[in-house]
**Q** 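Here it is: the structure, laid out below.
Below, chains carry the letters A, B, ... as their sequence lines are ordered, and counting in each starts from 1.
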2 protein chains.
Amino acid sequence: MTELDAVFHALADPTRRAVVNRLIDGAAAVKQLSAPFEMGLPAFLKHLAVLETSGLIRSEKRGRVRTCHLNADRLATAEDWLVEQRVLWQGRADRLAAFVESQNPREHTS
Amino acid sequence: MTELDAVFHALADPTRRAVVNRLIDGAAAVKQLSAPFEMGLPAFLKHLAVLETSGLIRSEKRGRVRTCHLNADRLATAEDWLVEQRVLWQGRADRLAAFVESQNPREHTS
């Protein structure tokens, strides 16, 4: 599984996206993070494990409290790929438009 | 499954990302699309089905040939979400930097 596979997979779930969004406000303990979600802790911990495997979050344990942090660089990996596709797509659209224009030259008013 | 779930899920695979990237160059028949991949047609068709479910591609059949097209708008859905997170993240980083600065005012040389 490549880094991109893991990041896109991690983002393909509303709970995991909500956790990413929450961690933008700052690090949080697992208990805080899980509070808004109506699911059992084991299910929630599985979502955190998917996020951590993807590198989107990291966590550390002090005593009995595990705290999660966002790794925003990993979001950039996914954004960069999408931007690359968009730029290619726009380039093709521009070339198509130029071609159509060259086949149907319009009169320019001066 | 929301639209974002489906789009991120579809992008979480190298074959499916390669198909998206290929379709930027223009529509292509399934046979053309599958040629670069060392996998059986049934496996490849499953990947196309995931892409089509997500709305990233659409296809149409004429006679015995099924042609696939990219729906670039759907890529934008994913990019928009990532951009939103990045903007929030940068906003927080800027506020943190301003706070740190306010606590440790430096002498400005003039």
**Q** Name the option with the most non-hydrogen atom pairs under 4.5 Å to chain A; the candidates are B:F8, B:W89, B:W81.
**A**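 Among the listed options, the one with the most contacts to chain A is B:F8.
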
**Q** Rounded to the nearest 0.5 Å, how far apart are CD of B:Q32 and OG of B:S34?
**A**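 With rounding to 0.5 Å, CD (B:Q32) is 9.5 Å from OG (B:S34).
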
**Q** Shorter than 4.5 Å, heavy atoms on both sides: which option in A:A93, A:G26, A:A6, A:G91 has the most such pairs with chain B?
**A**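 If we count pairs closer than 4.5 Å to chain B, A:G26 comes out on top.
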
**Q** Among A:P14, A:A10, A:A76, which residue has the highest count of heavy-atom pairs closer than 4.5 Å to chain B?
**A**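 Result: the option with the highest number of such pairs is A:P14.
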
**Q** Identify the residue among B:V19, B:N21, B:V20 that makes a side-chain contact (heavy atoms from CB on, under 4.5 Å) with B:L70.
**A**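 Of the listed options, the one satisfying the test is B:V20.
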
**Q** State, without any angle test, whether A:T77 and A:E3 hold a side-chain donor-acceptor pair at a distance under 3.5 Å.
**A**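 Judged by distance alone, the side chains do pair up.
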
**Q** Which one wins on heavy-atom pair count under 4.5 Å against chain B: A:H9, A:R16, A:E79?
**A**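 Top option by heavy-atom pairs under 4.5 Å: A:E79.
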
**Q** If you count heavy-atom pairs under 4.5 Å with chain B, which of A:D13, A:L23, A:T2, A:D25 comes out on top?
**A**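 Of the candidates given, the most pairs with chain B belong to A:D25.
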
**Q** Quick one, A:V100 and A:Q103 - any side-chain contact, counting heavy atoms below 4.5 Å?
**A**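 No. Closest side-chain heavy atoms not under 4.5 Å.
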
**Q** Give the member of A:R17, A:R86, A:E84 that has the highest number of heavy-atom pairs under 4.5 Å with chain B.
**A**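 Option with the top pair count is A:R17.
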
**Q** Looking at A:L82, A:D5, A:L4, A:L96, which has the largest count of heavy-atom pairs under 4.5 Å with chain B?
**A**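 Greatest number of close heavy-atom pairs with chain B: A:D5.
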
**Q** Any chance you could measure A:Q85, atom CD, to B:L11, atom CG, to the nearest 0.5 Å?
**A**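 Going from CD on A:Q85 over to CG on B:L11, the span is 8.5 Å.
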
**Q** Is there a side-chain contact between A:L33 and A:R22 in this structure, where contact means two heavy atoms from C-beta onward sitting under 4.5 Å apart?
**A**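 Sidechains of A:R22 and A:L33: in contact.
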
**Q** With chain A as the partner chain, list the residues of residues 35-59 of chain B whose heavy atoms fall under 4.5 Å from it, by residue number, and write 'none' if nothing qualifies.
**A**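 The list, in residue order, is empty: none.
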
